[in-house]
Asker: 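Can you keep this structure in mind? I'll have questions shortly.
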Amino acid sequence: SSSSSSPLTFNLSQARSVLYPLTRPLPLSYTTQLINNLPNNWTYCNLQIIGRIDNEEEKVLVIVRVRHGRECVMMKIPLESTTKPSNDVVVNLLDVFNTSLLDEFSSIMKDSTESTLLTDKRKWWTTRRNLDKQIKELLENLQTTWFKEWRFLLLGATSLSFSNVTSLLKEHNIQAAETWAEALVGGAYELSKTEVKVVLETLTGKCNTVLLNKVYDCLKVLQSSATPPEPHPLIISLVHPLHDLPIESMKMLSNQPVSRIPSLPFLSAYVLLQSKRGCSSIDPR
């Protein structure tokens, strides 16, 4: 990817327009204050589908990752893939989403509701097993087809040290190096070397084998730990039509404390209210 077509933006004003789109945007200082109101160990992610600035017809899946004391990072994942399967039909992930994921999930929920009316036990159990299988497959597709190698952005921070990875990223002039390093280390148990390669190529705009080997060596050292540390809380906001999907149930989040909230301003207001009530610690649930 060239810098002109990079799916990454680090401009706070651009992140602000995604976090709470307004005709007349509020001052950047307001966004900074919202972020600084968050507890140190919380990670907030906003997910939505938007049109590209240069082409409204082309939609992208946007993930904004926010952490107290860190630069925001925004990942824009094109929903139209350029890969071609054996029948030479271009896979359009937006079409897959519109006609498959949402429709499939709605169908599963409809069948689930209807199954409550079944009186035949054998038929009820057969239906429930089929529904469980369908929802499991849908969640797997969501994780592997949608988020792919960028799924590590949806993992909360951990207590693992990420200073070595930060140094490596800074050596290659990667913006928001500390934020990316922390997120990569949080995903150390989740990412393969091939996936780390894609991430680093996107961040640097080129293939860099030396950087890849050094970063992945750091992650492998962390992977060799006896038990993964418990991740800190993750708070997510899903903008329509994403809010219908049970993203919290993805396998990668099975050990991750996850809460859903309407927006970053709502979350910030909640944290401030709890603080004014004298709560020394805030339960993200």
Side-chain angles (χ1 to χ4, degrees), residues 1 6-10 15 41-48 60-68 70-78 93 139-166 168-170 172 174-204 208 211-225 227-238 242 245 247-259:
S1 304
S6 173
L8 307 167
T9 59
F10 306 97
N41 62 344
W42 287 16
T43 299
Y44 170 79
C45 287
N46 179 290
L47 286 76
Q48 59 183 285
V60 291
L61 172 64
V62 177
I63 304 174
V64 180
R65 182 182 172 98
V66 174
R67 293 265 293 117
H68 178 100
R70 303 270 187 272
E71 292 181 72
C72 292
V73 293
M74 183 161 70
M75 183 66 211
K76 296 187 288 187
I77 307 172
L93 294 185
L139 290 169
E140 288 175 352
N141 288 334
L142 187 62
Q143 180 172 313
T144 59
T145 303
W146 263 65
F147 298 112
K148 298 177 288 187
E149 59 274 354
W150 301 102
R151 63 189 182 278
F152 73 95
L153 290 174
L154 298 179
L155 293 170
T158 71
S159 58
L160 294 172
S161 173
F162 53 91
S163 57
N164 290 340
V165 178
T166 299
L168 290 170
L169 299 187
K170 284 183 176 179
H172 291 80
I174 293 175
Q175 298 181 65
E178 193 173 31
T179 306
W180 285 110
E182 182 181 51
L184 280 167
V185 166
Y189 296 88
E190 182 70 30
L191 296 172
S192 67
K193 187 171 184 178
T194 300
E195 291 173 325
V196 174
K197 178 175 181 289
V198 173
V199 171
L200 293 177
E201 285 182 359
T202 305
L203 291 176
T204 61
N208 189 319
L211 175 62
L212 169 63
N213 290 335
K214 288 183 177 179
V215 169
Y216 194 67
D217 284 346
C218 289
L219 298 184
K220 279 200 300 185
V221 170
L222 299 174
Q223 290 171 354
S224 64
S225 302
T227 55
E230 182 177 345
H232 297 310
L234 170 69
I235 319 295
I236 62 173
S237 294
L238 306 177
L242 291 175
L245 296 174
I247 286 177
E248 299 93 328
S249 298
M250 290 191 300
K251 184 178 180 180
M252 59 171 279
L253 298 179
S254 58
N255 296 316
Q256 168 73 60
V258 187
S259 301

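We're numbering straight along the sequence, starting at 1.
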Asker: Going by heavy atoms in the side chains, are R67 and T179 under 4.5 Å from each other?
Answerer: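 Sidechains of T179 and R67: no contact.
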Asker: Hey, could you give me the OH/CD1 distance between Y44 and I235, rounded to the nearest 0.5 Å?
Answerer: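 It is 10.0 Å, given to the nearest 0.5 Å.
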Asker: Run the salt-bridge test on R151 and E195 with the 4.0 Å N-O cut-off and return the result as yes or no.
Answerer: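 Salt bridge between R151 and E195, a charged N being under 4.0 Å from a carboxylate O: yes.
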Asker: Could you check if a side-chain atom of L184 sits within less than 4.5 angstrom of a side-chain atom of L191, using non-hydrogen atoms only?
Answerer: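 Side-chain contact under 4.5 Å: yes.
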Asker: Side chains of K193 and N213: donor-acceptor distance under 3.5 Å anywhere?
Answerer: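 The answer is yes; a qualifying pair exists.
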Asker: To the closest 0.5 Å, what do you measure between CE (M75) and CG (L203)?
Answerer: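 Reported value, rounded in 0.5 Å steps: 8.0 Å.
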Asker: Mind running side-chain contact (heavy atoms from CB on, under 4.5 Å) on E201 and L212 for me, showing each step along the way?
Answerer: CA-CA 9 Å; E201 285 182 359; L212 169 63; over 6 Å; no
Asker: Roughly how far, to the nearest 0.5 Å, is the CG atom of L219 from the CZ atom of F152?
Answerer: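 Answer for the CZ-CG pair, F152 versus L219, is 10.0 Å.
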Asker: Closer than 3.5 angstrom, by distance alone: can the side chain of R65 be matched with the main-chain N or O of L153 as a donor-acceptor pair?
Answerer: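 Such a contact is found between R65 side chain and L153 backbone.
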Asker: In Å, rounded to the nearest 0.5 Å, how long is the span from CG of L169 to CG of L200?
Answerer: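 Nearest 0.5 Å value for the CG-CG distance: 7.0 Å.
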Asker: How about L253 and L155: do any of their side-chain heavy atoms sit closer than 4.5 Å?
Answerer: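 Result yes, sub-4.5 Å side-chain heavy-atom pair found.
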Asker: Any salt bridge linking E182 with R70? Criterion: basic side-chain nitrogen under 4.0 Å from a carboxylate oxygen.
Answerer: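 Answer for the salt bridge query: yes.
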Asker: With a 4.5 Å cut-off on side-chain heavy atoms, are V62 and V64 touching?
Answerer: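 Heavy-atom side-chain distance check passes, below 4.5 Å.
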Asker: Establish, from distance only, whether the side-chain atoms of N46 and Q48 form a donor-acceptor pair under 3.5 Å.
Answerer: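 Q48 and N46 do have a side-chain donor-acceptor pair below 3.5 Å.
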Asker: Does the side chain of L47 reach to within under 4.5 Å of the side chain of I247, using non-hydrogen atoms?
Answerer: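 L47 reaches I247 side chain to side chain.
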Asker: Can you find a pair of side-chain heavy atoms, one from C45 and one from L234, that are under 4.5 Å apart?
Answerer: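 C45 reaches L234 side chain to side chain.
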Asker: Taking the side chain as C-beta and beyond, is there a heavy-atom pair between L168 and C218 under 4.5 Å?
Answerer: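 Side chain of L168 against side chain of C218, heavy atoms only: contact under 4.5 Å found.
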Asker: What heavy-atom pair brings T43 and A157 nearest, and what distance separates the two atoms?
Answerer: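 Closest approach of T43 to A157, heavy atoms only: OG1-N, 3.4 Å.
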Asker: Quick one: closest heavy-atom pair of A176 and E71, and the distance?
Answerer: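 Scanning both residues completely, I find the closest heavy atoms to be CA-OE2, 3.5 Å.
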Asker: Show the nearest heavy-atom pair for residues K170 and A177, with the distance to one decimal.
Answerer: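 That would be CG-CB, 3.5 Å.
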Asker: What is the minimum heavy-atom distance between G156 and P231, and which atoms define it?
Answerer: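 Smallest interatomic distance, heavy atoms only, reads O-CB, 4.3 Å.
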Asker: Check the angle between the aromatic planes of W150 and W180 and answer parallel, tilted or perpendicular using the 30° and 60° thresholds.
Answerer: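 W150 vs W180 ring planes: perpendicular.
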Asker: Check the pair E190 / Q143 against side-chain contact (heavy atoms from CB on, under 4.5 Å), numbers first and verdict last.
Answerer: CA-CA 12 Å; E190 182 70 30; Q143 180 172 313; 3.6 Å; yes
Asker: Can you check whether K251's main-chain N or O pairs, donor with acceptor, with E140's side chain at less than 3.5 Å?
Answerer: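 Absent.
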Asker: Could you tell me if the side chain of M250 sits less than 4.5 Å from the side chain of L154, heavy atoms only?
Answerer: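 A side-chain contact exists here, since the closest heavy-atom pair is under 4.5 Å.
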Asker: Could you go through the side-chain contact (heavy atoms from CB on, under 4.5 Å) check for L61 and F147 one step at a time?
Answerer: CA-CA 9 Å; L61 172 64; F147 298 112; 3.8 Å; yes
Asker: So, using side-chain contact (heavy atoms from CB on, under 4.5 Å) as the criterion, who are the partners of N208 when residues are at least two apart?
Answerer: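 side-chain contact (heavy atoms from CB on, under 4.5 Å) check on N208 returns H172, V210, L211.
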Asker: Go through it in stages, so that I can follow the logic: the residues are K197 and Y216, the test is side-chain contact (heavy atoms from CB on, under 4.5 Å), and I'd like the CA-CA distance, side-chain angles, deciding distance and then a yes or no.
Answerer: CA-CA 9 Å; K197 178 175 181 289; Y216 194 67; over 6 Å; no
Asker: Other residues, nucleotides and ligands only: do more than 12 of their heavy atoms fall within 6.0 Å of CG on D217?
Answerer: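 Counting other residues, nucleotides and ligands, CG of D217 exceeds 12 neighbours.
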Asker: Ignoring hydrogens and geometry beyond distance, is a side-chain donor-acceptor pair present between S192 and T194 at under 3.5 Å?
Answerer: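 Note: S192 and T194 side chains miss the donor-acceptor criterion.
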